[in-house]
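Below is one structure, written out as structure tokens; the observations come after it.
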There are 2 protein chains.
Amino acid sequence: MCNKRSNNAFPTPGHNHKQCLNDAIDKARKVFSLRKLRLTPLREQIYRQILTSHDAIGAYDILDRMRRQGREIAPITAYRILDLLHDMGLIHRLELQNAYYACYRDHEDDKNFIALICRGCGTIAELVDRKVSRVFEALEKEAGFTEEKRVLEVQGLCRSCRDSRKGGNSEKEPLNA
Amino acid sequence: MCNKRSNNAFPTPGHNHKQCLNDAIDKARKVFSLRKLRLTPLREQIYRQILTSHDAIGAYDILDRMRRQGREIAPITAYRILDLLHDMGLIHRLELQNAYYACYRDHEDDKNFIALICRGCGTIAELVDRKVSRVFEALEKEAGFTEEKRVLEVQGLCRSCRDSRKGGNSEKEPLNA
DNA sequence: GGATAATTGTTACATTATTACATTAGTTAT
DNA sequence: ATAACTAATGTAATAATGTAACAATTATCC
Ligand SMILES: [Zn+2]
Ligand SMILES: [Zn+2]
Ligand SMILES: [Zn+2]
Ligand SMILES: [Zn+2]
């Protein structure tokens, strides 16, 4: 876990993504084992679609990829497994794109993160910072609000996309996955 | 503008919503005038659907209400007007619910707000606080990220919903709209 | 009043997500 | 082993949300 990032920002295009992937699979095995659920071949195959990159991917994109790999499944099947992976903290849902991306961080119970979405390369980075939680907690307490779910998403341009193409839209270097 | 709220939190169930509504329509006229666009009957009627409450309402709910009021329109028509109202800062989109709610605040250019969503009564409140912006700006600068769009939404229970029913789900008192 | 742009209509379709019920595959207890 | 039970996946249909392409209408300007 946690090769590639300077602190907790964007993964570099050239990082060793195979390590991201392996670490994530290991984590999944642990989490499934803890919850006494089975990481079935189908579940792993779907999880692996999401693990091919640091991008978010739609449910129907998963169906397409699965079909191309010879396994046709119905939407409901994908959604069921997406829900499960989501509940286990292995993936997150991007509300801004109706899409799902893998969480490569450790603390799978930690809901205090901000999703940064680069519209140039599609990469999602998660920022974790205690200050954010503190501010939110303070404001909500003042408003008498009891928080249950938090969605923090920011769309924009990552450093490399801003630096290269003037307006973003660097075509993406495919990861070595 | 800005009757009803202690600071900038939830409107009380008994507040004078007619004033919210009138202020909002006034604001709309100003904004439309400034942008040299016309607040047509259709646009106003759609805007008024959203202005009936502090709740978020789906695009197809608007279609239903319009039909019940004798005007049947196509989805695309609603979406066009929703986009326009959104661009003008009169309404906001709730990503967590694929729904739209009226912004009753003044500064229509201010994107620095948090949407609090009560799952009990459906009310949306917007919190504005400079600390949030500062934290986000600092974190994004550190990550080399150029922000273009920000979505901050929190779902939970407002004070009155928490206090009344043990677990929320107070059936909603219809506003006097 | 005809040119022009803004607004709304019409039709068809794309994308995302869920409901209800049936079947298959594992696990557990006799 | 097998019956009973639970977990996992399949099947079929449909709901909910959002867009594209092009036509018709309405307001505005000269
Ligand atoms: Zn990686
Ligand atoms: Zn990028
Ligand atoms: Zn009100
Ligand atoms: Zn409430």
Side-chain angles (χ1 to χ4, degrees), chain A residues 28-29 31-50 55-67 69-88 90-101 122 151 153, chain B residues 28-29 31-50 55-67 69-88 90-101 122 151 153:
Chain A
R29 289 199 223 286
V31 179
F32 268 90
S33 166
L34 273 176
R35 306 246 304 229
K36 297 187 180 164
L37 293 174
R38 289 173 314 160
L39 182 54
T40 63
L42 182 58
R43 287 170 176 171
E44 182 168 336
Q45 195 181 354
I46 287 184
Y47 186 34
R48 280 180 184 277
Q49 306 307 319
I50 303 172
D55 298 11
I57 169 182
Y60 281 77
D61 290 335
I62 293 177
L63 295 187
D64 290 346
R65 295 195 193 178
M66 296 287 286
R67 187 172 336 104
Q69 294 177 20
R71 177 135 194 198
E72 181 136 12
I73 60 175
I76 183 65
T77 302
Y79 279 107
R80 281 195 285 232
I81 293 178
L82 286 171
D83 283 350
L84 180 65
L85 295 171
H86 186 262
D87 287 347
M88 305 178 87
L90 297 171
I91 66 174
H92 292 146
R93 178 182 160 86
L94 215 54
E95 297 296 334
L96 265 173
Q97 301 183 354
N98 299 329
Y100 306 80
Y101 65 94
V151 173
E153 298 177 3
Chain B
R29 288 198 223 286
V31 178
F32 269 91
S33 166
L34 272 176
R35 306 247 304 229
K36 297 188 180 161
L37 293 175
R38 290 173 313 162
L39 183 53
T40 64
L42 182 58
R43 285 170 177 172
E44 181 169 335
Q45 194 180 355
I46 288 184
Y47 187 34
R48 280 181 184 276
Q49 306 307 321
I50 303 172
D55 296 11
I57 169 181
Y60 282 77
D61 290 335
I62 292 177
L63 296 187
D64 290 344
R65 295 195 193 179
M66 297 286 285
R67 187 171 337 104
Q69 294 176 21
R71 177 136 195 196
E72 181 136 13
I73 60 175
I76 184 69
T77 303
Y79 279 107
R80 281 193 286 231
I81 294 180
L82 287 170
D83 283 349
L84 181 63
L85 295 171
H86 185 262
D87 286 347
M88 305 178 85
L90 296 171
I91 65 174
H92 293 147
R93 179 183 160 85
L94 214 54
E95 297 297 335
L96 264 174
Q97 299 183 356
N98 299 330
Y100 306 82
Y101 65 95
V151 173
E153 298 176 3

Using a cut-off of less than 4.0 Å, is there contact between a side-chain N or O of [X] and OP1 or OP2 of [N]?
X: A:Arg80; N: C:dT19; result: no
X: B:Arg43; N: C:dT8; result: yes
X: A:Arg38; N: D:dT6; result: no
X: B:Thr77; N: C:dT7; result: no
X: A:Arg93; N: C:dA17; result: yes
X: A:Thr40; N: D:dT9; result: yes
X: B:Tyr79; N: D:dG18; result: yes
X: B:Asn98; N: D:dA16; result: no

Which whole-number value in Å describes the distance from [X] [atom1] to [N] [atom2]?
X: B:Leu42; N: C:dT10; atom1: CG; atom2: P; answer: 12 Å
X: A:Ile62; N: C:dT16; atom1: CD1; atom2: C1'; answer: 13 Å
X: B:Asp64; N: D:dA15; atom1: CG; atom2: P; answer: 13 Å
X: A:Ile73; N: C:dA17; atom1: CD1; atom2: P; answer: 14 Å

Exercise. Salt bridge check: are A:Arg80 and A:Asp83 linked by an N-O gap of less than 4.0 Å?
Worked result: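 Salt bridge: no.
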
For this session: Please round to the nearest 0.5 Å and tell me the distance separating atom CD of A:Gln49 and atom CD of A:Glu44.
Result: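 Nearest 0.5 Å value for the CD-CD distance: 11.0 Å.
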
For this session: Answer yes or no as to whether C:dT15 has its base stacked against A:Tyr60, where stacking requires a ring-centre separation under 5.5 angstrom and planes under 30 degrees apart.
Result: no

